[in-house]
Amino acid sequence: MRRPDPDAAALYGAARSVGRQIVLVSAVVVVAALALTIAWVLHQTVPSERLEQVAAARRGEVFISATDVVAGLVVLGLAGVVFAGVVSVVIARRAVRPLGDALRLQRRFVADASHELRTPLAVLDARLQALERKISGGAVSADAQVASDVAHLRDDSRALIDIVGDLLEAAGGVEDPGGAPGAVDVDAVVAEVLSSMAVLADERAVRLELVAGGEEARVAVPRTSLRRSVLALVDNAVGHAPAGSAVVTTVRVDGRGTAATVVIAVADQGLGITGIDPARVFDRFARADQPTAPAPASARPSFGIGLALVREIARRHGGDVRVASTSSAGTTIEVVLPVASSPTGTE
């Protein structure tokens with residue numbers, strides 16, 4: 001079953017909101033015009049003595065019936081409000097249509113790019129798998145470090161394939177497979193992510209630290225999706241952490257029973273989020289101001305996609321993501337997910 005497009009729904013919601021505002025303004029204008037007209041009609045309503053005086057003086061004054069005019073104005077006013085509403089809805093939809101077209105083009109580009117990337121990534125993964133088998137079978141000589149590096153490369157290639165698949169799904173290019181995922185061990189996934197990110201962190205002289213809450217934390221999220229979310233958060237934190245600092249990932253369980261949640265917090269010691277509302281860093285293609293300090297050569301550009309995917313994955317499984325704190329001393333981003341109802345399941 002294909003999931004509803006949240007961005008398209010937001011666009012149509014914006015169109016409806018603009019339409020309602022235009023209808024309200026139009027209604028106020030029409031009511032004000034009716035009030036002025038009714039006041040004029042009431043001013044023209046005079047007693048019979050005044051009519052006799054005008055008739056005796058033979059002056060060319062015209063007097064009208066207040067009841068008939070008020071009834072006519074009410075009908076015209078209602079017709080004016082309805083007409084203004086229809087026109088406002090049409091105008092609002094025409095104004096939002098270019099945004100919808102741009103959104104469709106963006107999604108088509110992501111879908112096309114994902115389709116094109118899947119084949120070379122599959123080939124890369126197959127070649128790494130073949131090399132891994134040759135090393136394990138003795139056909140190719142390699143020491144333990146090389147064998148370990150090849151194994152890590154294959155893990156990374158599979159992660160890239162999963163990311164491309166998620167991008168394709170987010171762009172509406174594939175159907176949602178649905179189904180209830182098993183309970184996944186959050187601590188194990190986070191430890192795996194930190195291990196794979198160690199190379200990039202070392203290049204930036206950043207330490208990766210894991211603080212576990214001591215309580216078993218399991219969530220009903222597919223392992224690849226959870227790994228992707230944590231990877232995006234840690235990658236974002238490493239990209240903003242200064243050399244010699246630490247990126248601390250904390251896993252804890254808040255609450256009890258059915259209301260319990262697993263909180264994955266990733267904290268860096270960077271300069272904080274500037275130039276943008278912290279809540280908007282999770283919007284697609286939203287980018288904060290770059291720090292004034294020169295970036296190291298290993299710094300990677302941000303395109304405002306990773307955190308948007310984190311929010312989409314979290315909300316898809318009943319959770320959310322938030323900026324817990326941000327200042328010149330650093331930023332902490334938290335993913336909140338419901339605790340899995342059962343500790344058993346397949347990962």
Side-chain angles (χ1 to χ4, degrees), residues 117-167 181-214 216-219 221-251 264-269 295-301 306 309-310 335 345-347:
L117 286 172
R118 294 180 86 176
T119 299
L121 285 175
V123 172
L124 175 63
D125 182 67
R127 290 179 176 176
L128 288 172
Q129 183 179 4
L131 178 59
E132 190 176 27
R133 289 177 178 175
K134 289 180 180 179
I135 293 176
S136 61
V140 176
S141 60
D143 57 19
Q145 181 63 45
V146 172
S148 176
D149 290 342
V150 171
H152 284 303
L153 284 173
R154 183 150 187 254
D155 291 338
D156 293 338
S157 69
R158 286 196 297 262
L160 281 174
I161 293 173
D162 292 335
I163 291 173
V164 169
D166 194 66
L167 282 170
V184 177
D185 185 353
V186 177
D187 291 317
V189 173
V190 172
E192 178 185 332
V193 168
L194 296 183
S195 176
S196 63
M197 286 292 296
V199 175
L200 295 179
D202 290 342
E203 290 181 359
R204 294 184 60 102
V206 174
R207 301 187 313 278
L208 298 180
E209 300 177 3
L210 172 60
V211 179
E216 186 179 44
R218 289 179 171 269
V219 295
V221 179
R223 186 182 184 88
T224 55
S225 297
L226 181 62
R227 186 183 190 279
R228 196 168 304 132
S229 298
V230 178
L231 185 66
L233 290 179
V234 176
D235 181 63
N236 178 76
V238 170
H240 291 85
S245 65
V247 169
V248 181
T249 303
T250 305
V251 180
I264 306 170
V266 180
D268 63 60
Q269 299 174 7
S298 59
R300 299 176 309 284
L309 287 176
V310 172
V335 175
T346 59
E347 295 186 1

**Student:** How long is the straight-line distance from CG of Asp185 back to CZ of Arg223, given to the nearest 0.5 Å?
**Tutor:**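 So the gap between those two atoms works out to 7.5 Å.
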**Student:** Looking only at atom types and distance, does a side-chain atom of Ser157 sit under 3.5 Å from a main-chain N or O of Arg154, one as donor and one as acceptor?
**Tutor:**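 Between the backbone of Arg154 and the side chain of Ser157 there is a qualifying donor-acceptor contact (under 3.5 Å).
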**Student:** Show the numbers, then the answer: is there a side chain to side chain contact (heavy atoms under 4.5 Å, CB included) between Leu128 and Glu132?
**Tutor:** CA-CA 6 Å; Leu128 288 172; Glu132 190 176 27; over 6 Å; no
**Student:** Tell me the closest heavy-atom pair linking Leu231 and Ser196, and the distance in Å.
**Tutor:**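 Shortest heavy-atom separation between Leu231 and Ser196 comes out as CD1-OG, 4.3 Å.
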**Student:** Give me the atom names and distance for the closest heavy-atom approach of Val221 to Val184.
**Tutor:**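 Heavy atoms only, the tightest pair is O-CG2, 3.0 Å.
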**Student:** Donor-acceptor pair, distance only, cut-off 3.5 Å: does the side chain of Arg204 make one with the backbone of Pro242?
**Tutor:**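 No.
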**Student:** So, for Ala246 and Glu209, which heavy atoms are closest and what is the spacing to 0.1 Å?
**Tutor:**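 Looks like CB-OE2, 3.8 Å.
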**Student:** Would you give the length of the straight line joining atom CG of Leu124 to atom CG of Leu153, rounded to the nearest 0.5 angstrom?
**Tutor:**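 Answer for the CG-CG pair, Leu124 versus Leu153, is 8.0 Å.
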**Student:** Determine the minimum heavy-atom distance between Ala201 and Val238, stating which atoms define it.
**Tutor:**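 Looking at all heavy atoms of both residues, the closest pair is CA-CG1, 4.2 Å.
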**Student:** What distance separates Thr249 OG1 from Leu208 CG, expressed to the nearest 0.5 Å?
**Tutor:**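 Nearest 0.5 Å value for the OG1-CG distance: 7.0 Å.
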**Student:** For the backbone of Val193 and the side chain of Arg227, can you confirm whether one donor and one acceptor N or O come within less than 3.5 Å of each other?
**Tutor:**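 Here the side-chain-to-backbone pair does not exist.
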**Student:** Measure the CG-CZ distance between Leu226 and Arg218 for me, rounded to the nearest 0.5 Å.
**Tutor:**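 One gets 11.5 Å once the value is rounded to the nearest 0.5 Å.
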**Student:** Could you state the interatomic distance from NE2 (His152) to OG (Ser195), rounded to the nearest 0.5 Å?
**Tutor:**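 With rounding to 0.5 Å, NE2 (His152) is 5.0 Å from OG (Ser195).
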**Student:** Give, for atom CG of Asp235 and atom CE of Met197, the distance between the pair rounded to the nearest 0.5 Å.
**Tutor:**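 These two atoms lie 4.5 Å from each other.
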